[in-house]
Amino acid sequence: MANRLAQETSPYLIQHQDNPVDWYPWGPEALARARREDRPILLSVGYSACHWCHVMERESFEDPETAAYMNEHFVNVKVDREERPDVDALYMEAVQAMSGQGGWPMTVFLDPEGVPFYGGTYFPPDEGRGMPSFRMVMEAVVQGFAHKREELREGGARMRAHLGAIGQVAPAAEAPGARLLDEAVAALRARADREHGGFGGAPKFPPASALELLLARGEREIVETTLDAMLAGGVYDQLGGGFARYSVDAVWLVPHFEKMLYDNALLARAYLHGWQALGHDRYRRICEETLDWALREIRGPEGGFYSALDADSEGEEGRFYVWTPDEVREVLGDGAQAAIDFYGVGERGNFEGRSILHLAKGAAAAEPPGLAEARRALYEARAKRAWPGLDDKRLTSWNALTITALAEAGAILDRDEYLDAARDCARFVLESLRDGEGRLLRTYKDGKGRLNAYLEDHAFLLEALLALYESTLERHWFEQAQALAETTIARFGDPERGGFFSTSDDHESLIARRKEIGDHPIPSGNSSAAFGLLRLAALTGNRKYERHAEEIFRLFAKPAAQNPETFAHLLRALDFHLSPTKEVALVGDDLDELSRVVRSKYRPHLAQAGGPEGTEAPPLLQGRTTTDGQPTAYVCEHFTCQAPVTDPQALDDLL
């Protein structure tokens, strides 16, 4: 018999609907039962593409004896971290404070008020591997809850204060300056792996935001090394395009095979900007292949994008992606050897007896004749295998990241299909991810949007709508962006200390209201809000938006300087704020040629508006006229403008 999770829409929760565990989704029903029966809560958090989440389910949650013990002693709550980032972030901070580490699956034990008192990540079914068994952990928790309640209450009060501390951070007296940026970039250089790319050792996560910061600050060597190492490694899908979530080693060869929408949206932009700044056509190819993968494999019929492809298929991690030499020969016949050599397919393999395809001779190696046809044949053969599981929910924030990538790539690369996909996705989010009162929602599945949207949903969408406006010069997207900014300020802003809370003022109350920080692996809501508001200020001249961004910098600049990889998007926003920013206003009926000049080079400190003569929004266009009826460009800094020009080369010279 299915449990309560059968009524949910999250693919991760539905995966657990047939467990013998008496699961609840997070909500008032579970919390009320815990208080009524004075039981501890066993909170299990994961996501659908998580390999070790599947392992713990098979070992423990599907085991009748383990489930019986859980049902007897706990109120059991299952959470999809992607649907409920507020719950995940709150209790992940608690687990990290208690154990010194975090990750998924996350297992946390709460008192009936929702205060955590013990937690960890994966627990095995039996002793060994340096960890207690899951049963031992549960038994110890039951005993502690029964006999050490006063101690737990005292610890709970301290934990509440700890978890609420980030929302109480006071702003610095002065706004940060350029010196902080210089120190942050120097720290990134010091941490960089100059041989294999990225930062630090294994495991390595693609550092998209850090690469964007380094590019904007004029750093080239580290960016090139990292982009080349990732595209040559197994972390990149050499046949289908797109990146896996991370590499378990330091050389980007062996990935954790799940593919997440957010990674690929961020990395497509990083490679796009890398191509603009460094000129290597291989970076343009990776950008296009990554976006083509998203359009081909994880796009829904309504224009939204699914969340992830699983790491596992046929019960094995990576089985869908790996090859033996004989399997390649079966597909390619006499022409197989060139592909075997190029992709490093060995007899013994590099992953459990099979090979992860990678560029064995490096990123810049020339492809042998006929490789494009061989790659297509291998892709088509692979497509006949059992596919990894698909998480087909659409998340507002991750779709917004994808809109930004598609819009920028479409405009810069003259790919109309990317621009059309960005428009379709934006329309889907704005129309289908709304409640009856017009407020933004978090997730969409089976034709229905649900759950309140978070700060990251609003902030990422603000950046996306502005990117779509600047890429198309269609006024509608600017108007939607400005309205969204006002909503974000009103519903998430902290008028006392500045910055933005992760949840809106009418959101469900948890034991602490937090402010989201940290840009790894994706930007935080505060970092994204700062960048979006600064771009909006550049287009409107409205100092209110700039002041809200400056408040974020004053709150979080100090930890950002100390941990630049973790706060790279915030630092990129600060770089945009402190650098001389060009505001370009294009006026006329046919602006394609002038706009193409603006996009022709990597220009990280520029905002663009455009429209016919007489257009009043954005305010950057107000009062602008054409010259002798010709399309005209005005190049300004802080709303002080150069003489207007009509010649494309003259515009390029001004930029």
Side-chain angles (χ1 to χ4, degrees), residues 1-8 10-27 29-81 87 91 95 98-99 101-112 114 116-149 152 310-312 314-317 389:
M1 179 183 295
N3 56 47
R4 294 172 187 81
L5 301 185
Q7 306 305 313
E8 295 297 303
S10 158
Y12 175 66
L13 299 187
I14 291 170
Q15 286 171 5
H16 293 264
Q17 67 178 337
D18 294 319
N19 295 167
V21 178
D22 184 19
W23 289 118
Y24 286 79
W26 179 271
E29 183 183 2
L31 298 172
R33 182 184 171 193
R35 289 191 290 268
R36 184 174 64 251
E37 299 181 6
D38 193 32
R39 285 194 187 200
I41 296 167
L42 191 161
L43 174 65
S44 175
V45 183
Y47 58 103
S48 69
C50 168
H51 171 71
W52 286 101
C53 299
H54 301 327
V55 172
M56 192 165 178
E57 179 187 17
R58 290 194 298 268
E59 293 175 340
S60 296
F61 304 147
E62 292 179 352
D63 176 62
E65 185 176 339
T66 301
Y69 190 87
M70 294 171 65
N71 295 339
E72 180 181 356
H73 295 285
F74 301 98
V75 175
N76 302 293
V77 177
K78 176 63 72 173
V79 165
D80 181 342
R81 76 174 182 97
V87 174
Y91 292 111
V95 167
M98 290 185 283
S99 69
Q101 60 184 8
W104 300 275
M106 176 170 66
T107 308
V108 198
F109 298 93
L110 322 177
D111 71 15
F117 59 88
Y118 185 74
T121 53
Y122 164 78
F123 291 111
D126 44 36
E127 293 181 68
R129 292 177 270 181
M131 293 181 284
S133 71
F134 186 42
R135 180 63 176 262
M136 289 174 61
V137 169
M138 290 193 293
E139 289 173 349
V141 167
V142 169
Q143 289 298 310
F145 188 77
H147 301 297
K148 298 182 179 180
R149 293 296 289 278
L152 291 181
D310 205 331
D312 295 9
E314 300 181 82
E316 297 180 27
E317 183 180 7

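Note: hydrogens, waters and symmetry copies are ignored here, and every other heavy atom, side chains too, is used.
Under the 3.5 Å distance criterion, the side-chain polar atoms of N76 are matched with a main-chain donor or acceptor of M70. Of the possible donor and acceptor atoms, one in the side chain of N71 sits under 3.5 Å from a partner among the backbone N and O of P20. Proximity of a side-chain donor or acceptor of S133 to a complementary backbone N or O of P124 within less than 3.5 Å is not detected. N3 places a side-chain N or O within donor-acceptor distance of the main-chain N or O of Q17, the cut-off being under 3.5 Å.
Using bins of under 30°, 30° to 60° and over 60° for the plane-to-plane angle, the ring pair Y91/W26 lands in the tilted bin. Between F109 and F117, the two ring planes are tilted [angle within 30° to 60°].
P112 is listed as a side-chain neighbour of D38, based on a closest heavy-atom distance under 4.5 Å. The closest side-chain heavy-atom distance from M138 to T66 is below 4.5 Å. Side chains of C50 and R81 form no contact here, defined as non-hydrogen atoms less than 4.5 Å apart. At least one side-chain heavy atom of L31 sits less than 4.5 Å from a side-chain heavy atom of I41. Using a 4.5 Å cut-off on side-chain heavy atoms (C-beta onward), M131 and F123 make no contact. Between H16 and V21, the closest side-chain pair of non-hydrogen atoms is not below 4.5 Å. Within the 4.5 Å cutoff, no side-chain heavy atoms of H73 are placed close to those of R39. Contact check for V137 versus Y118: side-chain heavy atoms found under the 4.5 Å cut-off.
Geometric assessment of R135 against the ring of Y69 yields a positive cation-pi assignment under the 6.0 Å and 45° thresholds. A cation-pi arrangement is not found for R58 relative to F61, the charged atom failing to lie both closer than 6.0 Å to the ring centre and inside a 45° cone about the ring normal.
Between E8 and K78 there is no salt bridge, since none of the side-chain N atoms of the basic residue sits less than 4.0 Å from a carboxylate O of the acidic one.
Taking every heavy atom of both residues into account, S10 and D80 meet most closely at OG-OD2, 2.7 Å. Across all non-hydrogen atoms, the minimal contact from R149 to A146 is CG-O, 4.4 Å. Considering every non-hydrogen atom in both V108 and P116, the closest pair reads CG1-CB, 3.8 Å. Annotation for V77 and A30: closest pair CG2-CB, 3.7 Å, computed over non-hydrogen atoms. The two atoms that bring F145 and L152 nearest to each other are CA-CD1, 3.8 Å, heavy atoms only. Nearest approach of L43 to V79, heavy atoms of both residues: CD1-CG2, 3.6 Å.
There is a side-chain donor-acceptor pair under 3.5 Å between Y24 and R4.
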Run V141 and F74 through side-chain contact (heavy atoms from CB on, under 4.5 Å) and show every step you take.
CA-CA 10 Å; V141 167; F74 301 98; 3.8 Å; yes
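For the atom pair Q7 CD and L13 CG, the distance stands at 12.0 Å (nearest 0.5 Å). Atom CD in E57 sits 8.0 Å away from atom NE2 in H54 (nearest 0.5 Å). Annotation: the span from E317 atom CD to D310 atom CG amounts to 9.0 Å, rounded to 0.5 Å.
Within a 6.0 Å radius of CD in E139, more than 12 heavy atoms belonging to other residues, nucleotides or ligands are found.
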